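Input: a single structure, listed below in structure tokens.
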Amino acid sequence: MTEIEITADLVRSLLQEQHPDLAGLAVREVAGGWGNQMWRLGDELVVRMQRMDPTPELQLNERRWLPVLAPRLPLPVPTPVRFGEPSERFPKHWTVMTWVPGEPLDHGSISRGAHAADTLAAFLRALHVEAPADAPIAKDRGAHPRDCTDGFENFLRSVAPDDIATDVRAVWDDAVAADAWEGPPVWVHGDLHPANVVVSDGTLAGIVDFGDMFAGDPALDLAAAWVLLPAGTASRFFDMYAQADEAAIRRARGLAAMKSLFLMLMGQNGDRGLPGGKPHWGPAGRAALERVLKGV
């Protein structure tokens, strides 16, 4: 996929063509992003530009479903306000959305762990309700850990230090052995990691990037108890969430181990200067993996 160079001038010209009433607002690039690039638009909006994502499906999912989900969620989430359609100037989709204020967790920290655990539990309780029949279904994530073994093995080989590899594999094997989700498919965010949540005043303040949302097993989101929250708060999270049985917690812990290894791999790629690598994700992934190994 060829990356299209997206500049402030391009964003302004697209707005002038399709939403001229917004074209006078200040445009500022938001650092980061891979599948999509973000540009602040004034103080309250952001333009989400499809970049490396090969299809518009993720943006179209957000357009379709975030307006349905947002009103019942207890944290701010980006909500589409205008649609940008492919054109000669930019042959991909773009969307004007509300800006969720705060600092991404991969550049910030949570100091109020109990508050953050309660906040995340309340958010996921509100999100994890039965999804309609036409909700998107995950193609490559959200499966039972037993169906993700190749990815786990790849990550483990690539980054797990020898001193903990056996312990990490034991967590994974336990998740693979856990019973499958037997409830109805529920709404799942699908990609809760430190760059996709924002923090303010030492606690969670918003959730972003719903392109991977799907209907299925909530365990993938429950992995956030270890991936996002500080050490020692996972048990409080599960107590407050109050909807996860033992099998769900076992699946979630294994998926958290895999997500932690993924963050470490992205950090390793960043250290090596590879495309898409994020050097600062390495330490975050290692810290998350240590939390996973300590259990609930």
Side-chain angles (χ1 to χ4, degrees), residues 1-67 69-70 75-108 136 189-191 193-200 205-213 266-267 269-281 284:
M1 188 75 186
T2 303
E3 182 173 347
I4 297 169
E5 185 182 4
I6 302 170
T7 64
D9 286 342
L10 175 61
V11 175
R12 278 193 208 94
S13 67
L14 292 172
L15 288 166
Q16 192 66 54
E17 281 181 359
Q18 299 191 32
H19 299 287
D21 59 312
L22 300 179
L25 295 172
V27 175
R28 291 165 288 156
E29 184 174 3
V30 179
W34 174 246
N36 294 277
Q37 190 171 8
M38 310 275 277
W39 294 79
R40 291 287 301 273
L41 182 60
D43 293 329
E44 297 180 359
L45 301 174
V46 64
V47 183
R48 189 163 165 79
M49 309 281 290
Q50 185 190 342
R51 182 166 63 176
M52 298 299 284
D53 284 343
T55 75
E57 187 177 4
L58 304 186
Q59 276 214 27
L60 299 181
N61 281 343
E62 290 187 323
R63 291 182 182 184
R64 168 72 179 86
W65 294 109
L66 275 173
L69 295 173
L75 282 175
V77 301
T79 308
V81 295
R82 301 285 183 88
F83 300 160
E85 302 307 326
S87 65
E88 198 171 305
R89 196 180 294 264
F90 185 70
K92 297 188 176 192
H93 287 75
W94 51 280
T95 307
V96 180
M97 312 182 83
T98 54
W99 172 253
V100 177
E103 184 177 31
L105 179 56
D106 64 331
H107 290 285
H189 176 282
D191 198 20
H193 63 69
N196 285 344
V197 301
V198 297
V199 294
S200 181
I207 310 288
V208 300
D209 197 348
F210 282 74
D212 286 308
M213 72 176 104
M266 292 292 282
N269 289 347
D271 292 339
R272 295 173 177 174
L274 298 175
K278 311 272 188 184
H280 60 295
W281 285 15

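Heavy atoms only: backbone and side chains are in, while hydrogens, waters and symmetry mates are out. Not measured: the values here are computed from a predicted model.
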Looking only at heavy atoms, which two atoms of [X] and [Y] are closest? And how far apart?
X      : Y      : answer
Pro80  : Arg63  : CG-CA, 3.7 Å
Pro279 : Asp271 : CB-OD1, 3.7 Å
Gly42  : Leu25  : N-CB, 3.9 Å
Gly108 : Glu103 : CA-OE1, 3.6 Å
Pro78  : Ile207 : CD-O, 3.2 Å
Ala70  : Val77  : CB-CG2, 3.7 Å

Would you say [X] and [Y] make side-chain contact, with heavy atoms under 4.5 Å?
X     : Y      : result
His93 : Pro86  : yes
Leu14 : Val47  : no
Trp99 : Leu45  : no
Arg64 : Pro136 : no
Leu15 : Val96  : yes
Arg48 : Glu62  : yes
Leu66 : Met213 : yes
Lys92 : Trp94  : no

message: Could you check whether any side-chain N or O of Thr98 sits under 3.5 Å from a backbone N or O of Thr79, counting only pairs where one atom can act as donor and the other as acceptor?
response: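 Judged by distance alone, yes, a pair lies under 3.5 Å.
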
Please report the interatomic distance [atom1]([X]) to [atom2]([Y]), rounded to the nearest 0.5 Å.
X      : Y      : atom1 : atom2 : result
Gln18  : Phe90  : CD    : CZ    : 10.5 Å
Thr95  : Gln50  : OG1   : CD    : 9.0 Å
Asp191 : Phe210 : CG    : CZ    : 11.0 Å

message: If the condition is ring pair (Phe, Tyr, Trp, His ring centres under 6.0 Å), which residues does Trp281 pass it with, not counting sequence neighbours?
response: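 Trp281: ring pair (Phe, Tyr, Trp, His ring centres under 6.0 Å) contacts with His193.
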
- prompt: Which residue pairs pass the salt bridge (charged side-chain N to carboxylate O under 4.0 Å, His left out) test when at least one of the two sits in residues 6-15, sequence neighbours left out?
  reply: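 Applying salt bridge (charged side-chain N to carboxylate O under 4.0 Å, His left out) to every pair that reaches into residues 6-15, excluding sequence neighbours, yields Asp9-Arg12.
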
message: How about CD on Glu85, more than 12 heavy atoms from neighbouring residues, nucleotides or ligands closer than 6.0 Å, or not?
response: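 Yes - once you tally the heavy atoms of other residues, nucleotides and ligands closer than 6.0 Å, there are more than 12.
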
message: Test of understanding: with side-chain hydrogen bond (donor to acceptor under 3.5 Å, both in side chains), list the residues that count as partners of Arg82, not counting sequence neighbours.
response: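 Partners of Arg82 under the side-chain hydrogen bond (donor to acceptor under 3.5 Å, both in side chains) test: His19, Asp21.
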
